[in-house]
Novice: 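Here it is, the structure in full.
This one's a predicted model, so the numbers in the text were calculated from it and none came from an experiment. Quick note: residue numbers are just sequence positions, from 1.
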Amino acid sequence: MKLTNHGWGLREMIFLSAVILFFVIVAAIMVSNLYSDLNLSSDNNSGSNSNSSSEYTYTEIEQHLSDAARRYYRTHSDDGSTIVISEDLVELNYLRSSQLETDNDTCEGYAVIADDFKAYITCSYYETEGY
């Protein structure tokens, strides 16, 4: 880019505007992805999906369950429970039932509330070691 006594040229201004626009679009996509994974009670529409099949892996299902247990523990840490089951997390809107499904398989499980919030699931074709 060449600066002259006349200031910025049109070419430089368009180039810098394009670079800034690119970064704004990337930031918007990242924020959108961040908030789409949050389970807000206003998002919960009685567990129904609009004809979209979930393509979660078993590891991702375990992670969903672990994250939901962590959110549950933040608000219920005083009740002394050390295990929370997936049905309770779904009922209390900490987890969507679709987050427990994978290709033609539905899972259930529990999470141990400790330092690492370890999740254990059982499905038709998979079971976490130690379940």
Side-chain angles (χ1 to χ4, degrees):
M1 290 184 274
K2 184 172 105 177
L3 278 175
T4 64
N5 289 337
H6 302 290
W8 296 97
L10 181 62
R11 192 175 314 143
E12 288 85 5
M13 190 60 157
I14 291 175
F15 174 75
L16 289 176
S17 297
V19 169
I20 291 172
L21 181 65
F22 172 77
F23 284 115
V24 167
I25 290 173
V26 168
I29 290 171
M30 292 175 71
V31 168
S32 173
N33 287 341
L34 174 71
Y35 283 110
S36 68
D37 290 337
L38 291 178
N39 183 17
L40 302 176
S41 60
S42 63
D43 249 1
N44 192 3
N45 53 4
S46 69
S48 63
N49 286 349
S50 56
N51 296 331
S52 64
S53 64
S54 56
E55 300 289 331
Y56 296 123
T57 64
Y58 295 117
T59 305
E60 290 172 333
I61 293 173
E62 290 171 349
Q63 186 63 43
H64 290 304
L65 185 57
S66 175
D67 292 342
R70 185 173 286 112
R71 288 191 303 273
Y72 172 84
Y73 184 72
R74 283 187 203 138
T75 57
H76 297 89
S77 60
D78 58 336
D79 68 1
S81 63
T82 57
I83 294 177
V84 61
I85 60 173
S86 59
E87 292 173 356
D88 291 342
L89 293 172
V90 170
E91 183 178 311
L92 295 171
N93 294 325
Y94 287 100
L95 184 67
R96 291 188 308 264
S97 60
S98 64
Q99 291 177 308
L100 295 170
E101 298 173 356
T102 185
D103 298 329
N104 301 324
D105 200 3
T106 302
C107 304
E108 60 183 27
Y110 64 93
V112 176
I113 298 175
D115 293 332
D116 58 353
F117 295 90
K118 179 72 175 147
Y120 299 92
I121 62 170
T122 182
C123 312
S124 300
Y125 306 109
Y126 175 81
E127 185 173 280
T128 305
E129 185 176 333
Y131 182 84

Novice: Examine the side chains of Tyr126 and Thr102 and answer whether a donor and an acceptor come within less than 3.5 Å of each other.
Specialist: no
Novice: For the residue pair Glu62 and Thr128, what are the closest heavy atoms and their distance?
Specialist: OE2-OG1, 2.5 Å
Novice: Just by distance, do the side chain of Ser17 and the backbone of Met13 share a donor-acceptor pair under 3.5 Å?
Specialist: yes
Novice: Let me confirm one number: the OG-CD1 distance from Ser98 to Ile61, rounded to the nearest 0.5 Å.
Specialist: 10.0 Å
Novice: Using 0.5 Å steps for rounding, measure from the OG atom of Ser66 to the CD1 atom of Ile121.
Specialist: 11.5 Å
Novice: Using atom types as modelled and distance alone, determine if a side-chain donor or acceptor of Ser86 lies under 3.5 Å from a backbone N or O of Gly109.
Specialist: yes
Novice: Rounded at 0.5 Å granularity, tell me how far CG in Leu65 sits from OH in Tyr120.
Specialist: 11.0 Å
Novice: Within a radius of less than 6.0 Å around CD of Glu60, do more than 12 heavy atoms belonging to other residues, nucleotides or ligands occur?
Specialist: yes
Novice: In Å and rounded to the nearest 0.5 Å, what is the OG1 to NE2 distance from Thr59 to His64?
Specialist: 10.5 Å
Novice: Considering only residues two or more places apart or on different chains, which pairs with a residue in residues 94-131 satisfy disulfide (SG to SG under 2.5 Å)?
Specialist: Cys107-Cys123
Novice: Return the minimal non-hydrogen interatomic distance between Gln99 and Tyr56, and the atom names on each side.
Specialist: CA-CE1, 3.7 Å
Novice: Might you work through the side chain to side chain contact (heavy atoms under 4.5 Å, CB included) test for Tyr72 and Ile113, ending with a clear yes or no?
Specialist: CA-CA 10 Å; Tyr72 172 84; Ile113 298 175; 4.2 Å; yes
Novice: Considering non-hydrogen atoms only, spot the tightest contact between Thr106 and Glu101 and give its length.
Specialist: OG1-CG, 4.0 Å
Novice: Is it true that Tyr58 and Asp105 share a donor-acceptor pair across their side chains at a distance under 3.5 Å?
Specialist: yes
Novice: With respect to Phe23, which candidate in Val19, Ile20, Leu21 satisfies the side-chain contact (heavy atoms from CB on, under 4.5 Å) definition?
Specialist: Val19
Novice: State the CG-CG distance between Leu95 and Leu100, to the nearest 0.5 angstrom.
Specialist: 4.5 Å
Novice: Which value, rounded to the nearest 0.5 Å, describes the distance between Ile83 atom CD1 and Lys118 atom NZ?
Specialist: 13.5 Å
